[in-house]
**Q** 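The structure follows.
In what follows, chains are A, B, ... by sequence order, proteins preceding strands, each numbered from 1. Note that the structure is predicted; figures quoted are calculated from it, not measured.
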2 protein chains.
Amino acid sequence: MKATRNTAAKTAVLEVFEKSKTALSHTEIHKQLNDLCDRVTIYRILDRLINEDVIHKISNLDGTVKYAKCNHAHQRVHIHNHAHFSCENCHEITCLENVKPSYIMPHNYKVNEINFTLSGLCPNCLNSNI
Amino acid sequence: MKATRNTAAKTAVLEVFEKSKTALSHTEIHKQLNDLCDRVTIYRILDRLINEDVIHKISNLDGTVKYAKCNHAHQRVHIHNHAHFSCENCHEITCLENVKPSYIMPHNYKVNEINFTLSGLCPNCLNSNI
DNA sequence: TTATCAATTGCAACATTGTTGCGTTTAATT
DNA sequence: AATTAAACGCAACAATGTTGCAATTGATAA
Ligand SMILES: [Mn+2]
Ligand SMILES: [Mn+2]
Ligand SMILES: [Zn+2]
Ligand SMILES: [Zn+2]
């Protein structure tokens, strides 16, 4: 395994994640960093953070991709088997760490990863739409 | 609701879905149609077919998007609550119509759609990798 | 059958997202 | 301080999806 370094850009990206309660897209991170680094660098940092199991990737039905910190006590290798919620109104995506789907797979499949994303209205938007 | 028409292109796209046992990407459909119509047209046909609940969209963890026919007896409005499997080796995506996740949501969320995609090795690839 | 007209299409142009190659910079170690 | 591989910036590219608009066409009614 390659040695990984702590750079200014990586630290800044991590701070952005720290401050955010919801998942973030590459573009959102780039805007918050305010040209601290190139957008390609952010893609590469995200790749590294995923490999280090510090963040995980969330792929939404509408095609958008976001990233969120793993805020559970995490072992080195773990499956992100919790659900994510994507609000159709405010477009925020949040980890639902406590929502874990149970399901029965047919034989002869080897499951390595799961992506369970629900979409609809989040509590905020549900209340304001009375 | 707007009236929808049966055009040559739409019929051709439906035939492609009919023949395929796995989900198809926009690009795969375009190649199979062999320049019968423009690629923009295919995007628009896919949009219409989704609105008509004839096909459904599958968004994978790696960012790829595919489409598959609804082959259950379908009511006008229905949730596609079955799982999809994405093979990391052959990249085929199949509907697992019988795999439906059960889960418990916190209150105050309104769920309209779910996207449940599992990835790993499909039976074919699992066997050949002994 | 023919006229009508909104739905559909083709085309060009554009936007967004993600990737790659390469020369330069820099974090970590000696 | 010297070393060196990891990380970076930049430019160029690829893939995917969207939009506006004029031309075409499917479905309907005359
Ligand atoms: Mn996690
Ligand atoms: Mn269906
Ligand atoms: Zn919301
Ligand atoms: Zn396979």
**Q** Name all residues meeting the salt bridge (Lys or Arg N to Asp or Glu O under 4.0 Å) criterion together with Lys57(B); count only those two or more places apart in sequence or in a different chain, and write none if there are none.
**A** none
**Q** Quick one, which residues of residues 31-44 of chain A touch DNA chain C with a heavy atom under 4.0 Å?
**A** Arg39(A), Val40(A), Tyr43(A), Arg44(A)
**Q** With sequence neighbours excluded, tell me which residues meet salt bridge (Lys or Arg N to Asp or Glu O under 4.0 Å) with Glu15(A).
**A** none
**Q** Separation of Asp62(B) atom CG from dT19(C) atom C1', in whole Å?
**A** 14 Å
**Q** With side chains defined as the heavy atoms from C-beta onward, is the minimum distance between Asn115(A) and Asn60(B) less than 4.5 Å?
**A** no
**Q** Between atom CD in Glu28(B) and atom P in dT16(D), what is the gap in whole Å?
**A** 10 Å
**Q** In whole angstroms, how far is the P atom of dG18(C) from the CG atom of Leu61(B)?
**A** 13 Å
**Q** Measure from CD1 on Ile45(B) to P on dT8(C) and round the result to the nearest Å.
**A** 9 Å
**Q** In Å and rounded to the nearest 0.5 Å, what is the OG1 to CD1 distance from Thr11(B) to Ile45(B)?
**A** 8.5 Å
**Q** For Leu46(A) and dC8(D), give me the distance from atom CG to atom P, rounded to whole Å.
**A** 11 Å
**Q** Give a yes or no on whether a salt bridge exists between Lys21(B) and Glu92(B), defined as a side-chain N under 4.0 angstrom from a carboxylate O.
**A** no
**Q** Could you tell me the separation between the CG atom of Asn51(B) and the P atom of dT8(C), rounded to a whole number of Å?
**A** 11 Å
**Q** Please list, in numerical order, the residues of residues 4-16 of chain B that have a heavy atom closer than 4.0 Å to any atom of DNA chain D.
**A** Arg5(B), Asn6(B)
**Q** Between Arg48(A) and His26(B), which has a closest nucleotide on DNA chain D that is more 5'?
**A** Arg48(A)
**Q** Please give, in whole Å, the distance from dT17(C) P to Ile29(A) CD1?
**A** 12 Å
**Q** Not counting sequence neighbours, which residues clear ring pair (Phe, Tyr, Trp, His ring centres under 6.0 Å) with Phe17(A)? List them please.
**A** none
**Q** So, using ring pair (Phe, Tyr, Trp, His ring centres under 6.0 Å) as the criterion, who are the partners of Phe116(B) when residues are at least two apart?
**A** Tyr103(A), Phe116(A)
**Q** What orientation do His26(B) and Tyr43(B) show, parallel under 30°, tilted 30 to 60°, or perpendicular over 60°?
**A** parallel
